[in-house]
Student: 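Dropping the structure in here first, questions after.
As the structure is a computational prediction, the values presented were derived from the model and not from experiment. In the text below, chain A, chain B and the rest are named by the order of the sequence lines, each starting its count at 1.
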2 protein chains.
Amino acid sequence: MKTYAIGVDYGTNSVRAVIADCSDGHLVGTAVFNYPSGEDGVLLDARVPHLARQNPADYLDGLRASVAGALDAADREAEFARDRVIGIGVDTTGSTPLPVDAKNQPLALDPRWRDNLAAHAWLWKDHTAAAEAAAITTTAREHAPYLVRPIGGTYSSEWFWAKIWHCLNTAPEVFDAAASWVELADFVPAVLAGVESAGDIQRCICAAGHKALYSDAWGGLPPREFLTRLHPALAALRDRLYDRAYPPDRPAGRLTRRWAGAFGLPEGIPIAMGGFDAHYGAIGAGVRPGTLVKIIGTSTCDCAVAPASGGAADVPGICGIVPGSIMPGFFGIEAGQSAVGDLLKWWVDGICEGDEALHAQLCGEAERLQPGESGLVALDWNNGNRTVLVDPRLTGLIVGQTLHTTRAEIYRALIEATAFGARVIIERLQAHGVPIDRVVCCGGVAEKNPLFMQIYADVLAHPMHIAGSPQTPALGAAISAAVAAGAAAGGYDRFEGAQMQMTSLKPRAYMPDPGRRAVYDELYAIYRELHDTFGGVVPAPVGLGDLMKRLLAVRDRVVSGCLAPGTEVAGA
Amino acid sequence: MKTYAIGVDYGTNSVRAVIADCSDGHLVGTAVFNYPSGEDGVLLDARVPHLARQNPADYLDGLRASVAGALDAADREAEFARDRVIGIGVDTTGSTPLPVDAKNQPLALDPRWRDNLAAHAWLWKDHTAAAEAAAITTTAREHAPYLVRPIGGTYSSEWFWAKIWHCLNTAPEVFDAAASWVELADFVPAVLAGVESAGDIQRCICAAGHKALYSDAWGGLPPREFLTRLHPALAALRDRLYDRAYPPDRPAGRLTRRWAGAFGLPEGIPIAMGGFDAHYGAIGAGVRPGTLVKIIGTSTCDCAVAPASGGAADVPGICGIVPGSIMPGFFGIEAGQSAVGDLLKWWVDGICEGDEALHAQLCGEAERLQPGESGLVALDWNNGNRTVLVDPRLTGLIVGQTLHTTRAEIYRALIEATAFGARVIIERLQAHGVPIDRVVCCGGVAEKNPLFMQIYADVLAHPMHIAGSPQTPALGAAISAAVAAGAAAGGYDRFEGAQMQMTSLKPRAYMPDPGRRAVYDELYAIYRELHDTFGGVVPAPVGLGDLMKRLLAVRDRVVSGCLAPGTEVAGA
């Protein structure tokens with residue numbers, strides 16, 4: 001008798017629910033709910049650049065609408081029945097924390113706070129906390145370097161503590177009103193499980209370990225002394241957060257009678273631990289030791305797992321290595337590139353002022369070029385470098401232009417730059433004992449851009465496989481639900497078994513071509529020279545190693561209205 | 001009683017004649033003749049990239065039509081009379097050599113050769129002789145380094161010997177049929193003077209010294225032994241060329257009865273020595289010791305003069321320093337940037353696929369930016385670097401891009417790059433005893449682009465003056481005619497006096513702003529780091545100094561159809 005698991009995937013602009021057949025991962029029902037608030041679901045403030053918030057009401061409305069819609073769709077399948085659903089899993093963007101009251105109600109739902117953007121959810125791509133992130137990095141490097149070692153040495157403005165501290169600095173009334181803060185990935189399972197006290201929320205190791213400086217090695221969240229150095233109020237908040245975070249090997253709770261009634265689902269089925277979309281996407285793409293899952297979209301997230309017994313605990317420049325994240329029993333490894341699809345979008349939309357049709361046209365023209373033919377090499381740092389340099393203040397570079405250089409040549413050079421950046425990550429993992437013998441890609445770029453995939457195959461010298469499901473995060477969340485239900489309920493006892501049955505690859509992989517690969521070896525060597533010199537890895541005689549930063553310092557000063565050199569700009 | 005001088009200016013697409021009032025340089029008549037042959041006057045061959053030839057018939061038709069037209073126009077001025085014309089001067093593009101028969105008739109006018117492009121004039125921008133130029137450079141550096149020292153150490157594919165040698169290699173029948181070769185700048189005065197033997201053509205020091213390795217210091221053209229190393233036929237040709245070349249302090253001849261009759265001009269008036277458009281343009285812009293004349297167009301030509309007694313004979317990286325060129329009694333100094341207007345054209349036309357309206361729009365947007373605000377710095381090497389690196393195999397670079405970088409920001413960064421390149425040239429001249437205390441600009445960009453001029457003023461920290469005449473080369477040629485005629489005939493005995501009366505500046509100069517200048521000092525320091533590193537001036541630890549060339553070597557190999565590394569490409 002067939003069983004089914006629900007996966008709910010919270011993206012940046014919408015939430016998607018899927019109903020997966022536990023025997024083969026086939027999706028029997030899908031529904032998408034577009035967040036109605038703000039611009040495509042993102043609350044902006046014209047006066048505050050880099051601000052990106054979300055309305056928690058959208059999350060709740062979207063939960064109801066997407067799950068109900070997916071169930072309605074599944075009802076049309078002959079074999080499906082709602083009482084055969086054995087569990088629900090949730091994945092979300094992150095770090096996306098929101099302030100809640102003592103009853104686990106989002107502050108933003110309270111009319112008193114509704115109009116205060118600080119009381120809403122702080123979306124992953126909110127970068128208002130740059131100064132706080134820099135201060136956390138500096139303080140940690142000086143007083144507690146062990147805290148930042150697993151995250152590559154640098155704390156990001158996208159992450160939990162930086163955002164909460166920025167709230168404290170800029171909207172103290174919201175900070176004071178919050179009983180606790182919760183990651184969206186933990187909030188949604190808690191809602192489904194009917195958690196009515198902020199203290200009872202189950203926290204996942206994904207968010208805690210990758211974004212909140214949590215580790216069992218030092219007893220949970222950062223010690224009070226460290227947080228006191230940042231701000232005493234953060235140390236006080238620590239007591240209202242959590243002591244332990246959990247890998248996805250246990251349920252976060254059980255579906256309440258009220259939700260079960262609303263959806264027509266069995267009461268008490270397990271709610272899996274929440275997780276980040278990238279991690280559950282890796283699960284849905286079939287991640288396992290030796291496999292790198294590349295989720296290629298506007299940016300790229302690379303996920304791998306390594307046996308906990310291996311030496312993977314410390315790979316320099318890899319942003320996140322957290323025991324138990326992604327998959328229980330393994331080190332979860334997360335790396336990434338800050339701009340991939342966004343880099344091409346910048347070129348096509350921002351510079352060439354074109355649209356999808358121009359993307360297609362440039363792809364066609366670039367496809368007719370041989371590697372090296374343009375004489376161009378670029379650095380893929382227009383949005384900084386996340387891995388392995390972990391430096392947001394790096395910028396782009398293109399070299400080799402002539403008066404005949406075309407937009408298609410630059411388009412191709414930018415794709416190649418991201419492929420070279422991807423190769424740096426793989427080589428770094430391999431050099432530190434994380435074998436990579438299989439690359440599985442998912443995400444919009446992987447599915448829609450054959451030129452891109454072929455260049456990656458040639459540059460990485462690996463076949464580029466593509467995940468069989470176009471909805472790997474939602475599928476991964478459904479897999480986590482099937483595992484939370486267990487074999488006895490018609491699910492699985494372990495992720496490995498569930499993945500074996502429920503994930504697949506597309507039949508066609510992109511194979512490396514030996515001739516093109518040889519040219520790319522040469523170009524990659526040149527990319528590495530630029531990478532190591534402008535990234536400050538090797539000393540350069542005239543200071544090219546910090547040239548990009550000096551340019552940014554001039555820019556910051558000038559933008560602040562000061563032309564005269566020698567003036568420091570706050571927060572620069 | 002007023003006197004008048006005629007200037008005839010041979011450009012790339014047309015010839016222009018002007019009638020100048022000798023008392024104040026005012027142009028009382030102007031006429032332009034567009035060359036009818038080829039594409040805008042340039043003969044191309046789709047099978048041979050970089051080929052650019054011109055039909056000598058266009059030169060002769062254009063001479064008749066433009067001078068007659070200018071005289072017709074002048075006739076409408078009350079004070080003008082044709083018998084008050086005291087001389088004719090000619091300037092042309094160069095190096096633009098053409099093969100002639102023993103009677104100084106262009107081979108291309110002979111029906112036997114009419115269809116052979118090698119028998120036509122080899123326009124300055126014909127780059128078919130790249131391999132021959134490289135061989136001349138190599139041979140000279142090894143066996144006769146003194147020959148290339150005054151031209152910056154590298155012989156160009158645009159120049160006299162390279163083109164003639166390429167003719168010998170690819171069209172030996174034309175080479176064999178030529179009694180001699182003559183620069184366009186010498187050919188036109190010889191035609192007006194009725195020279196009917198190739199051996200009697202008066203050769204100007206401009207073309208000889210800057211393009212044909214001529215120097216009085218080594219007894220004229222390169223010694224036979226050197227030419228024999230290139231090819232014995234070139235050594236044999238030497239005897240059919242010339243022994244001496246002359247500065248513009250003597251006439252090239254006198255107007256024949258036939259031409260005088262055709263134009264209604266006095267017979268026997270002096271024809272000034274011909275010269276290059278840039279040099280006579282510098283005269284027409286008021287060049288003098290301490291003044292740098294920048295002719296800013298698709299590329300830039302910088303001209304200066306220095307006292308022959310000074311130390312200017314050897315400035316490293318300056319392409320041409322020739323005693324007597326530009327102005328008698330001075331070292332004529334010629335430098336230049338390979339792409340200026342062309343760099344902006346590449347960006348606007350080639351990449352943004354826009355037109356003049358987009359130029360204007362980007363200017364407007366770029367004007368609202370502060371220096372440094374974009375965080376960008378570029379190298380202006382999309383067409384190589386003429387001065388001071390003298391290296392055609394350098395390429396462009398842009399650094400500092402973010403995902404928000406706009407086309408207007410890059411447009412401005414490219415202008416700034418050319419300004420930084422201009423500053424390198426000025427600093428190099430100053431460092432070697434050529435004082436520069438005044439900058440006078442002419443050319444289309446200087447007159448039409450205030451943003452460009454203001455950036456130059458701020459980067460160079462000099463007021464940017466603009467020549468009063470929009471036709472400085474033609475005016476300079478007319479000034480040479482007034483000098484050739486002499487004071488007794490109502491002209492001038494010396495160029496200095498003629499320039500004092502006949503040249504002017506526009507009333508408005510662009511003044512440097514101290515605040516912006518300070519930012520540009522910082523950005524210029526960064527530009528110099530890139531310049532010196534990628535230009536190979538300073539050693540770089542990982543080989544950035546030849547990175548551009550290694551990229552070009554890959555490109556050349558791939559384009560030749562060979563992906564495998566380690567394969568040499570002929571001529572690369």
Student: Drop me the distance from Leu397(A)'s CG to Leu376(B)'s CG, to the nearest 0.5 angstrom.
Tutor: 11.0 Å
Student: Would you give the length of the straight line joining atom OG1 of Thr405(A) to atom CG of Asn382(B), rounded to the nearest 0.5 angstrom?
Tutor: 6.5 Å
Student: What is the minimum heavy-atom distance between Thr402(A) and Trp346(B), and which atoms define it?
Tutor: O-NE1, 3.5 Å
Student: Above 12 or not: heavy atoms from other molecules or residues under 6.0 Å from CZ of Arg517(B)?
Tutor: no
Student: Could you give the distance from CD (Glu353(B)) to CG (Leu358(A)), rounded to the nearest 0.5 Å?
Tutor: 7.5 Å
Student: Does any heavy atom of chain B fall under 4.5 Å from the side chain of Leu394(A), the backbone, both, or neither of them?
Tutor: neither
Student: For Leu523(B), which atoms come within 4.5 Å of any heavy atom of chain A: side chain, backbone, both, or neither?
Tutor: side chain
Student: What's the separation between atom CG in Leu403(A) and atom CH2 in Trp347(B), rounded to the nearest 0.5 Å?
Tutor: 13.5 Å
Student: Rounded to the nearest 0.5 Å, how far apart are NE2 of His404(B) and CG of Asn383(A)?
Tutor: 7.0 Å
Student: First locate atom OG1 of Thr395(A), then atom CD1 of Ile398(B), and finally report the distance between them rounded to the nearest 0.5 Å.
Tutor: 12.0 Å
Student: Under 4.5 Å heavy-atom distance to chain A, tell me which part of Leu379(B) shows up: side chain, backbone, both or neither.
Tutor: neither
Student: Check each atom of Thr406(B) against the heavy atoms of chain A and say whether the ones under 4.5 Å are side chain, backbone, both or neither.
Tutor: backbone
